[in-house]
Asks: 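This is the structure I have questions about; it appears just below.
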Amino acid sequence: MDLITTVPSKSIALLTITLGTTIFFVLFLLPRTFSPNPDSMARSFILWLHGLGDSGPANEPIKTLFTSPEFRNTIWKFPSAPSKPVTCNYGSVMPSWFDIHEIPVTADSPKDENGVLKAVQNVHAMIDKEVAAGTNPKNIFVCGFSQGGALTLASVLLYPRTLGGGAVFSGWVPFNLTMIERMSDDAKKTPILWSHGVVDRTVLFEAGQAGPPFLEQAGVSCEFKAYPGLAHSISNEELRYLESWFKTRLQNSSYKNWNPFSVNVAIAATGIYQLSRKIKHDYFPEPEAAVENKC
């Protein structure tokens, strides 16, 4: 009798139903299980630079406002500037990233470029350390207020790689146009968010307005936001916008964005292959090789 005719018809029917059900389940029901979740977000790093006379720890409460799940794997760093004499405060020693010659700061105020470049080196060392730890440079953001905002701008524009972004609050351009020659093409791809209060009397609004034209000459993308009624401070409105700005730029490198349908097709194919092997093993066994009797 032919071997095929020995396979019970009920078993074939049962296998057909099982196979069809499996394919249907894998292709059309499983896609729901392939949605990314916040825990799959890659590590990110936010460096916050304070203003003149301030300190890093005093600014740490800022991070409590960023409650979205996207920031679950975010590392925050709030460094403090070294203490040094500051010209605008009659040589008084205070935390300062570099020297400031006059207050209020205007678009034409004298610039301490050498001091800025030294401070930039320290910021770059912090960024390099985070990159070495495995953080994607495009998930690294530098933010700063006032003097820290000016240092933020210098730091991201002079960093040799493209970062996630730089956020300047009530800052100014701390160097001259000649510094554009030192900016790499990759650095020019780092986006800038610039926020400034219209009634700022410490860093005049005109100093902030001078930023976008400077960046345009350098070929850098800048989003400038003016806040009417805001003096020399940071508002919750600015920080809420900063959160959304971050979220649109965070890279999720740890999650493979496979098409769910394609994934499930692959799973179905694997299942069919395994099932076919079982059918072959159960109903179409290989003939056993003859064993020589050496008795």
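When a residue number appears, it is its place in the shown sequence, counting from 1.
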Asks: Does one side chain, of Y159 or D128, offer a donor that lies under 3.5 Å from an acceptor on the other?
Replies: yes
Asks: Would a 4.5 Å heavy-atom cut-off, applied to side chains only, mark P191 and W245 as touching?
Replies: yes
Asks: Are more than 12 heavy atoms, taken from residues, nucleotides or ligands other than E223, located less than 6.0 Å from that residue's CD atom?
Replies: yes
Asks: Let me confirm one number: the CD-OG distance from Q251 to S44, rounded to the nearest 0.5 Å.
Replies: 11.0 Å
Asks: Mind checking whether V173 and I103 sit in one hydrophobic cluster, side chains of I, L, V, M, F, W, Y counted as touching below 4.5 Å?
Replies: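 Yes, one cluster joins them.
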Asks: Measuring from N136:CG to L250:CG, what's the distance to the nearest 0.5 Å?
Replies: 10.0 Å
Asks: Can you name the nearest heavy-atom pair linking D54 to P95, along with the distance?
Replies: O-CB, 3.4 Å
Asks: Tell me whether S96 contacts the main-chain N or O of F98 through its side chain, where contact means a donor paired with an acceptor under 3.5 Å.
Replies: yes
Asks: Tell me whether D99 contacts the main-chain N or O of T87 through its side chain, where contact means a donor paired with an acceptor under 3.5 Å.
Replies: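 Judged by distance alone, yes, a pair lies under 3.5 Å.
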Asks: Which atoms form the tightest heavy-atom contact between G166 and T190, and what is the distance?
Replies: N-CG2, 4.1 Å
Asks: Side chains of S170 and I234: does their closest heavy-atom pair fall under 4.5 Å?
Replies: no
Asks: Are the side chains of S109 and H101 in touch, meaning some heavy atoms are under 4.5 Å apart?
Replies: no
Asks: Decide whether F246 and I140 are clustered together by the hydrophobic rule: side chain heavy atoms of Ile, Leu, Val, Met, Phe, Trp, Tyr closer than 4.5 Å, transitively.
Replies: no
Asks: Whether the side chain of T106 engages the backbone of D108 through a donor-acceptor N/O pair (distance < 3.5 Å, no angle test) should be reported.
Replies: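 Checked: pair present.
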Asks: Hey, any chance L163 and F66 share a hydrophobic cluster, counting ILVMFWY side chains that come within less than 4.5 Å of each other, even indirectly?
Replies: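 No, because L163 and F66 fall into different hydrophobic clusters, even though each may have its own neighbours under 4.5 Å.
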Asks: Can you tell me how far the CZ atom of F205 sits from the CG atom of L230, to the nearest 0.5 Å?
Replies: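 F205 CZ to L230 CG: 10.5 Å, rounded to 0.5 Å.
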Asks: Do Q121 and H124 touch side chain to side chain, with heavy atoms closer than 4.5 Å?
Replies: no
Asks: Where is the tightest heavy-atom contact between G171 and H196, given as atom of each residue plus distance?
Replies: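 For G171 and H196, the tightest heavy-atom pair comes out as O-CE1, 3.4 Å.
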Asks: Can you find a side-chain donor-acceptor pair between S55 and S80 that sits under 3.5 Å?
Replies: no
Asks: Which of parallel (below 30°), tilted (30 to 60°) and perpendicular (above 60°) describes F175 and F214?
Replies: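 Tilted: the ring planes of F175 and F214 meet at 30° to 60°.
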Asks: If you count every heavy atom of other residues, nucleotides or ligands that lies below 6.0 Å from K118 atom NZ, does the total exceed 12?
Replies: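 No, the 6.0 Å shell around NZ holds no more than 12 heavy atoms from other groups.
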Asks: Are L47 and L153 linked, directly or through intermediate hydrophobic residues, by side-chain heavy-atom contacts shorter than 4.5 Å (ILVMFWY only)?
Replies: yes
Asks: Heavy-atom count around K111 NZ within 6.0 Å, excluding the residue itself: above 12?
Replies: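 More than 12 heavy atoms, drawn from other residues, nucleotides or ligands, come within 6.0 Å of this atom.
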Asks: Using side-chain heavy atoms (C-beta onward) and a distance below 4.5 Å, is V131 in contact with R161?
Replies: yes
Asks: Evaluate the side-chain proximity of L65 to E243: yes if any heavy-atom separation is below 4.5 Å, no if none is.
Replies: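 The answer is no; the side chains never approach within 4.5 Å.
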Asks: Classify the ring geometry between F145 and H232 as parallel (under 30°), tilted (30 to 60°) or perpendicular (over 60°).
Replies: tilted
Asks: Mind checking what makes salt bridge (Lys or Arg N to Asp or Glu O under 4.0 Å) contact with K189, not counting sequence neighbours?
Replies: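 For K189 the salt bridge (Lys or Arg N to Asp or Glu O under 4.0 Å) partners, ignoring immediate neighbours, are D186.
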Asks: Quick check: closest heavy atoms across K188 and A218, and the distance to 0.1 Å?
Replies: CD-O, 3.1 Å
Asks: For a quick test of reading the model, state the closest non-hydrogen atom pair linking P85 to G91 and the distance between them.
Replies: CB-O, 3.5 Å
Asks: Should D112 and I100 count as side-chain neighbours, where that means a heavy-atom distance under 4.5 Å?
Replies: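 They are not in contact (no side-chain heavy atoms under 4.5 Å apart), so the answer is no.
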Asks: More than 12 heavy atoms of other residues, nucleotides or ligands under 6.0 Å from CZ of R249: yes or no?
Replies: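 Buried by this count: over 12 neighbours within 6.0 Å.
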Asks: Can you name the closest pair of heavy atoms from V156 and G165 and give their distance?
Replies: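 Taking V156 first and G165 second, the nearest heavy atoms are CG1-O, 4.3 Å.
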Asks: Between N73, N139, T135, which is the residue that forms a side-chain hydrogen bond (donor to acceptor under 3.5 Å, both in side chains) with R43?
Replies: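 When side-chain hydrogen bond (donor to acceptor under 3.5 Å, both in side chains) is applied between R43 and each of N73, N139, T135, only T135 qualifies.
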Asks: Has the side chain of N176 got a donor or acceptor atom that lies under 3.5 Å from a matching backbone atom of T178?
Replies: no
Asks: Kindly compute the distance separating CD1 (I75) from CD (E130), expressed to the nearest 0.5 Å.
Replies: 6.5 Å
Asks: What's the spacing between N122 CG and L117 CG if we round to 0.5 Å?
Replies: 11.5 Å
Asks: Using atom types as modelled and distance alone, determine if a side-chain donor or acceptor of T152 lies under 3.5 Å from a backbone N or O of G144.
Replies: yes
Asks: Ring-plane angle category for W76 and F71, please: parallel below 30°, perpendicular beyond 60°, tilted otherwise.
Replies: tilted
Asks: Give the ring-plane orientation class for W97 versus H50, where under 30° counts as parallel, over 60° as perpendicular and anything between as tilted.
Replies: tilted
Asks: Contact between S195 and F224 at the side-chain level, heavy atoms closer than 4.5 Å - yes or no?
Replies: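 No - every pair of side-chain heavy atoms lies 4.5 Å or more apart.
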Asks: Does K84 NZ have over 12 foreign heavy atoms under 6.0 Å away?
Replies: yes
Asks: Tell me every residue that passes salt bridge (Lys or Arg N to Asp or Glu O under 4.0 Å) with E238, counting only those two or more places apart in sequence or in another chain.
Replies: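 Not a single residue meets the salt bridge (Lys or Arg N to Asp or Glu O under 4.0 Å) criterion with E238.
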Asks: Following the transitive rule for hydrophobic clusters with a side-chain heavy-atom cut-off under 4.5 Å over Ile, Leu, Val, Met, Phe, Trp and Tyr, establish whether L242 and V203 coincide in one cluster.
Replies: no
Asks: Measure the spacing between CG of L52 and CD of Q147 and express it to the nearest 0.5 Å.
Replies: 5.0 Å
